[in-house]
Amino acid sequence: MSFVVLVDCNNFYVSCERVFKPCLEQRPVVVLSNNDGCVIARSKEAKELGIEMGTPFFKCRELLLHNGGSIFSSNYSLYGDLSSRVMQILSLYPAEIEIYSIDEAFLVFPESYSDRYISLGRDIRESVKKMTGIPVSVGISKTRTLAKVANHIAKHSQSGVYSFFTEQHIQSVLKKTPVENIWGIGYKYAKKLQQNNIYHAHDLCGLPDTWIRKLLTKKGLQTVWELRGVSCIESTAIRIEKKAINTSRSFSYPVTKKTDIYEALSTFTTLNAEKLRKQNSCTQIVCVYLSTNRFKETPQYSSFHSIALPFPTAETSLLIKASFEGLDRIYREGYLYKKTGCLFVALSSQKASINNLFYPSYYDSFSNNMMVAMDSLNEKYGRDTLYYASSGISRFWSMKRELLTSAYTTSWKQLKEVEYSEI
DNA sequence: TCTGGGGTCCTAGGACCC
DNA sequence: TCTGGGGTCCTAGGACCC
């Protein structure tokens with residue numbers, strides 16, 4: 001039987017910062033979300049200080065500084081680049097690889113390797129650390145969900161690798177696994193289960209399927225089957241294209257002027273359109289949303305509008321026009337706005353429109369050529385080498401990233417300079 | 001002063017069709 | 001006045017993940 005290896009980078013964003021600043025080892029380190037809003041990655045030392053995931057930065061700032069902690073704005077170009085280096089190493093193993101997120105991947109090995117899974121796990125861990133500087137944990141078992149459980153244990157072990165296969169071993173681990181730690185059981189489902197006196201994965205596995213399906217729906221039942229050792233979560237490796245594309249940001253200060261929101265929306269629509277063309281898709285529905293700050297006591301307003309286009313397109317200017325039309329429908333004077341965003345749904349392949357009589361084909365059109373030229377210039381010379389005037393120049397509303405490190409690996413101008421004291 | 005962003009899947013219910 | 005049954009598609013909302 002084939003087996004599943006889950007490789008998960010430890011405190012990934014923090015580890016990325018540490019690769020270029022080794023002096024951060026053994027110290028509390030956190031990485032903040034966009035706008036330096038809240039904590040989204042913590043080192044072990046920061047976790048030990050009691051800083052929870054998602055804590056607003058202003059609530060833990062003092063605690064961190066008091067304990068010699070370091071704080072960083074998130075630097076996605078750095079994390080994205082290190083992630084692809086980790087994945088490249090993983091893809092050298094004789095397994096089917098499924099990149100699940102920026103910091104984790106499933107490797108499905110054929111049965112012929114089952115006599116050496118522990119040495120494989122150790123080898124993966126050592127190779128990734130040696131070649132990228134990123135520490136990873138490795139969980140190995142029969143199914144993806146069980147590999148997740150194993151990985152959870154590996155994270156807290158010395159060796160960083162954990163595997164379990166025999167029925168007896170699996171049962172003894174599941175008896176100690178709280179339901180809220182199961183992959184696929186979130187806060188709400190865990191509460192529901194606890195109300196029914198189900199506290200551990202082992203209890204959950206013993207329940208009748210009909211009961212589970214009723215309480216946790218189809219996906220919950222799949223999870224239970226996986227815990228019982230039956231693989232039923234399909235690989236998403238084949239699916240490359242996204243079904244929806246979204247870009248949104250919070251403003252760094254409360255925005256009231258419609259012109260500022262136009263600029264922001266134009267910027268986000270441009271980003272969305274780039275993502276759309278990257279996967280060779282067109283969209284036919286553009287949704288726009290706008291909201292005030294829900295944490296404030298000021299008057300609240302939030303709205304959403306979708307615009308159906310007459311034909312599928314990936315041309316930025318048409319999409320910006322649609323976004324603006326959406327904004328015109330939902331904007332109301334007199335509110336302090338916090339966030340806006342743009343969502344594309346009803347995506348289709350660019351090539352699919354070639355033979356349709358009723359609308360102009362985007363693929364092989366003038367606008368397609370123009371977009372290709374624009375994308376390649378921006379890729380070669382950097383983002384915003386060419387951009388639409390509607391996106392604005394000053395962009396006062398744009399997000400706060402005051403604690404940003406350099407893009408050490410993706411920009412010639414920001415290469416790391418090594419100081420003697422850091423070695 | 002300061003509270004992120006981007007996804008997927010499933011279900012129930014309504015609209016609509018024959 | 002009486003008014004079926006079966007099917008599809010779409011959407012909003014809720015759950016989950018990282």
Side-chain angles (χ1 to χ4, degrees), chain A residues 6-13 30-41 51-62 64 71 73-76 79-80 83 98-106 144-145 148 151 179-193 213-223 226 232-236 239-254 268 271-272 275-276 279 284-285 287 289 291-298 304 306 308 336 338-347 398-403:
Chain A
L6 171 61
V7 184
D8 192 315
C9 301
N10 299 346
N11 318 324
F12 183 55
Y13 298 169
V30 301
V31 174
L32 304 176
S33 64
N34 283 340
N35 258 323
D36 295 345
C38 48
V39 173
I40 53 166
I51 296 169
E52 297 289 325
M53 190 74 165
T55 308
F57 176 43
F58 69 91
K59 286 190 181 168
C60 59
R61 188 192 166 125
E62 286 309 311
L64 269 163
I71 302 141
S73 302
S74 37
N75 184 344
Y76 287 104
Y79 311 153
S83 168
E98 178 192 348
I99 298 171
Y100 181 70
S101 73
I102 193 166
D103 71 340
E104 66 187 289
F106 291 103
R144 285 173 171 74
T145 308
K148 273 273 188 185
N151 196 284
V179 285
E180 64 267 29
N181 286 356
I182 302 169
W183 185 48
I185 306 290
Y187 177 79
K188 292 268 170 91
Y189 283 173
K191 273 270 168 307
K192 276 188 185 177
L193 289 170
R213 185 154 206 284
K214 205 171 165 198
L215 199 78
L216 310 178
T217 77
K218 189 181 164 184
K219 294 206 69 169
L221 184 57
Q222 272 188 350
T223 297
E226 285 253 323
C232 52
I233 294 178
E234 280 181 34
S235 168
T236 52
R239 192 190 60 225
I240 303 156
E241 286 161 18
K242 289 177 181 121
K243 296 177 174 177
I245 294 177
N246 180 48
T247 303
S248 71
R249 297 282 184 278
S250 297
F251 301 125
S252 50
Y253 69 96
F268 304 159
L271 274 169
N272 243 15
K275 295 183 205 167
L276 187 70
Q279 65 164 42
Q284 202 165 358
I285 295 181
C287 309
Y289 48 94
S291 62
T292 51
N293 188 343
R294 64 196 163 98
F295 294 103
K296 295 280 185 191
E297 300 215 336
T298 48
F304 175 94
S306 48
L336 301 171
K338 177 64 178 172
K339 185 173 178 172
T340 189
C342 169
L343 169 74
F344 296 164
V345 288
L347 309 187
S398 71
M399 63 182 182
K400 199 163 76 178
R401 289 165 98 191
E402 289 173 348
L403 308 159

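Contacts of A/F57 with the nucleic acid, taken as non-hydrogen atoms under 4.0 Å apart, are absent. Among the atoms of the strands shown, none is found under 4.0 Å from any heavy atom of A/R401. The residue A/I102 sits apart from the nucleic acid: no heavy atom pair falls under 4.0 Å. Across all strands shown, A/K148 has heavy atoms under 4.0 Å from sugar-phosphate atoms exclusively, and none from any base. Counting any heavy atom pair closer than 4.0 Å across all strands shown, A/D36 reaches no nucleic acid atom. Residue A/R61 is classed as having no contact, given no heavy-atom separation below 4.0 Å to the nucleic acid.
Between the CD atom of A/E62 and the P atom of B/dT1 there is a distance of 14 Å, rounded to whole Å. Rounded to whole Å, the distance from CZ on A/F58 to C1' on B/dG4 is 14 Å.
Taking atom C1' on both nucleotides, B/dC16 is separated from C/dG4 by 16 Å, rounded to a whole Å.
B/dC18 is paired with C/dG5 under the Watson-Crick or G-U wobble criterion, all donor-acceptor distances under 3.5 Å.
The shortest distance between side-chain heavy atoms of A/N34 and A/R249 falls below 4.5 Å.
Comparing atom distances between the A/K218 side chain and each of B/dC10, B/dG4, B/dG5 picks out B/dC10 as nearest.
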